[in-house]
Amino acid sequence: MQNLKEQFPDIYAAIRDETRRQTETLEMIASENFVSLPVLEALGSVMTNKYAEGYPRARYYGGCDHVDVVEGKARFNVKKLFDAAYANVQPHSGSQANMAAYLTLAKPGDTVMGMHLNHGGHLTHGSPVNFSGRLFNIVPYTISPETGRIDYDLMAKLAREHKPKIIVTGASAYPRIIEFDKVKEICDDVGAYHVADIAHIAGLVATGLHPSPLPYADIVTSTTHKTLRGPRGGLILTNVEGGEFILENMPKPKTMPEAIDAWVFPGCQGGPLMHVIAAKAVAFMEARKPEFAEYQQQVVKNAAVLAETLLSEGYSLVTGGTDNHLILMDLAPKGLQGRAAERALEAAGITTNKNMVPNDPQKPFITSGVRIGTPALTTRGMKEDEMRQIGKMIAYILGDLDDEARQKKVRQEVSELCKKFIFYEIPPE
Ligand code: DSN
C-alpha cells in the first residue's frame, strides 16, 4: 500500500489502524468474518474499473471478456456449492438481493410475511423504515415468548388469515435451526411463495450443518460475507427453472431465472461491481474445499462451547443455547442493558452488538440482549479452549459493567490471546 501511504496518509493510517483493531481485539459480531488474502487481492483489483451492465455474453459494453470469466466462475461455483440450478451473483448486498426476489414474486401492495425485526428478523423482512415495509403490506410473524423459537403454528394461522403472496424465512439473530420444510407446507397450504434469506447461515448450509432451503423455497437469497466468508455482497439462487412471470415493460413472460435476472438488472441495479464478483468467485471456490467444511464445523463447536460456558457462569441465553454460529444473551434476568454491556465488553477488547431479545422491555437503541458469534475468531484459528477462556472473560466483565479495572485486566488478557492468533499482518507505521 505504498502509493496510498505516500499520497493519502490519513486513509492509509485509518486502514492500518482498522487492521490493528481487527488483529488486537476479539471480533465477535455474528455477521462479521475475515476474508482470505486472495479474496482481498481480487477486491483491490482493476476489475473495479469495468462497466459490465448485463450478464456474461450479453453485455451493454465492449471489453467484457475477462469480467465474463470471473462472473461465469462465480456463478458456476456457487451453484455447485449449494446444489442450485441457477445463480445471480450481482446483488450488491443482501438487501438488494431481497428487493429483487420480492419484486420477482410480488407487486407493491401485496402482503408479505417476515419475521419481526425485534424477534430476530431483518430490516428487509418488513421493517416499516425499510423498502420492504414501505412497498408491501407486511404481516410479521414472531417467536414464541416461552421457547424463544419460531412459532410455526402462529405462522400458519397468520398465513391462513392474511393469505400472503410471500413468506420470508431467515433471521439476523436466531440461534436455532430454521425448519424450511415446515414453512414450505404452510406456503403450499395458502398458495404463497417462499423466499429463504440464508445470509447468516450460508456457510453452514453450504457444508450441510444446517438444512438447505433449496428444496423448499422458490428463491434463496444470501449475503456473501458472513459465515460464507466472502467479500461484502449478495447473491440469489433458485431451483425453480420454469414459471411464467409477466414483467411490465419487458417483451415477454419470463421463467423464474429470467425474471430474477431482469429484476436484479435493470430492475434494481445498474452496473455490477466486478471486483466484488471476482472476489465472490474466489470465496466460492474456497468454500468448496474440504478445509471450509472443517472450518464451519469448528464455528458451530465453538458457539456451543461458548454457550455452555456462559450458562455455567449463570447467564441466560435465548432458547437456552445454540445450534449455529451465534448466541443471544438475555441480560434482563441480571438487570443489565445490552447497550451498556456492549460498551463494557468493547472497552475490554471484545466486540459484540446489543440486540433485542423476545419481549424486550427496552427500546432497540438500549436493548436487553447481546448477540455474540464465533465465525471470525474461528477463522483466526481459535478453538474450544479459547472459547472457554473468552466465555469467562465475558462473564467477568458483565459481572460489573462499571468496573474499569476489570476491563483493563481483560483487555490485557485479550491482547495476549490475540498475539497467538495473528491473521492479517499490520501495515507498517
Ligand atoms: N446487519 C446484519 C447483521 O448484523 O446481522 C444483517 O444484515
Side-chain angles (χ1 to χ4, degrees), residues 31 53 86 88-142 150 154-155 158-174 178 183 186-187 190-200 213 217-223 232-238 240 243-250 253-273 356 364:
S31 48
E53 285 181 3
Y86 155 92
N88 187 308
V89 296
Q90 291 195 4
H92 302 328
S93 66
S95 297
Q96 295 277 262
N98 283 344
M99 183 184 266
Y102 300 164
L103 289 169
T104 298
L105 302 173
K107 288 199 167 43
D110 282 347
T111 298
V112 173
M113 277 176 56
M115 187 147 146
H116 197 294
L117 184 64
N118 293 354
H119 287 240
H122 186 251
L123 272 176
T124 58
H125 297 184
S127 164
V129 297
N130 180 257
F131 81 87
S132 52
R134 298 173 79 99
L135 287 188
F136 299 102
N137 171 41
I138 300 295
V139 176
Y141 61 88
T142 53
I150 294 171
L154 175 67
M155 186 193 283
L158 289 171
R160 282 195 294 272
E161 205 173 305
H162 295 277
K163 299 269 181 290
K165 198 77 192 276
I166 302 175
I167 298 182
V168 189
T169 50
S172 288
Y174 188 64
I178 298 172
V183 181
I186 297 170
C187 286
V190 300
Y193 289 113
H194 179 191
V195 172
D197 174 352
I198 58 168
H200 261 265
D218 298 282
I219 298 183
V220 175
T221 62
S222 184
T223 53
R232 194 159 287 280
L235 64 87
I236 303 181
L237 306 168
T238 186
V240 180
E244 190 167 289
F245 293 83
I246 298 160
L247 301 190
E248 280 159 35
N249 306 326
M250 300 272 179
K254 309 268 177 189
T255 62
M256 176 81 88
E258 287 169 340
I260 295 170
D261 277 353
W263 270 113
V264 172
F265 169 83
C268 294
Q269 295 188 170
L273 308 176
M356 297 294 272

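We number each residue from 1, following the sequence as shown.
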Note, [X] side chain near [Y] side chain (heavy atom, < 4.5 Å):
X: D261; Y: Y86; result: yes
X: R232; Y: S93; result: no
X: N98; Y: S132; result: no
X: T104; Y: M256; result: yes
X: H125; Y: P140; result: no
X: L123; Y: S95; result: no

Could you go through M115 and S172, starting from their C-alpha distance and side-chain angles, then the distance that decides it, and tell me whether this counts as side chain to side chain contact (heavy atoms under 4.5 Å, CB included)?
CA-CA 10 Å; M115 187 147 146; S172 288; over 6 Å; no
Does R160 form a side chain to side chain contact (heavy atoms under 4.5 Å, CB included) with V190? I'd like the steps, not just the answer.
CA-CA 6 Å; R160 282 195 294 272; V190 300; 4.0 Å; yes
Within the distance-only criterion (no hydrogens, no angle test), does the side chain of [X] pair as donor or acceptor with the backbone N or O of [Y] below 3.5 angstrom?
X: Y102; Y: T124; answer: yes
X: Q96; Y: Q269; answer: no
X: H194; Y: D218; answer: no

Test side chain to side chain contact (heavy atoms under 4.5 Å, CB included) on Y141 and T169; report intermediate values, then the result.
CA-CA 10 Å; Y141 61 88; T169 50; 4.0 Å; yes
Nearest 0.5 Å please: distance from the [atom1] atom of [X] over to the [atom2] atom of [Y].
X: C187; Y: M113; atom1: SG; atom2: CE; result: 8.5 Å
X: F136; Y: I166; atom1: CZ; atom2: CD1; result: 6.0 Å
X: F265; Y: Q90; atom1: CZ; atom2: CD; result: 8.0 Å
X: T223; Y: D197; atom1: OG1; atom2: CG; result: 7.5 Å
X: T142; Y: N118; atom1: OG1; atom2: CG; result: 11.0 Å
X: I138; Y: L117; atom1: CD1; atom2: CG; result: 12.0 Å

Within 6.0 angstrom of K163 NZ, more than 12 heavy atoms from elsewhere:
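Atom NZ in K163 is packed in, count exceeds 12.
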Specify the closest pair of heavy atoms between [X] and [Y], including all atoms of both residues, with the distance to one decimal.
X: P257; Y: T238; value: CG-CG2, 4.4 Å
X: I178; Y: G170; value: CD1-CA, 3.8 Å
X: L247; Y: W263; value: CD2-NE1, 3.5 Å
X: T221; Y: A97; value: CG2-O, 3.8 Å
X: A199; Y: S222; value: CA-OG, 3.5 Å
X: P164; Y: A192; value: O-CB, 3.3 Å

Which of these, T111, V112, I167, sits in a side-chain contact (heavy atoms from CB on, under 4.5 Å) with V139?
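Only one option passes, and that is T111.
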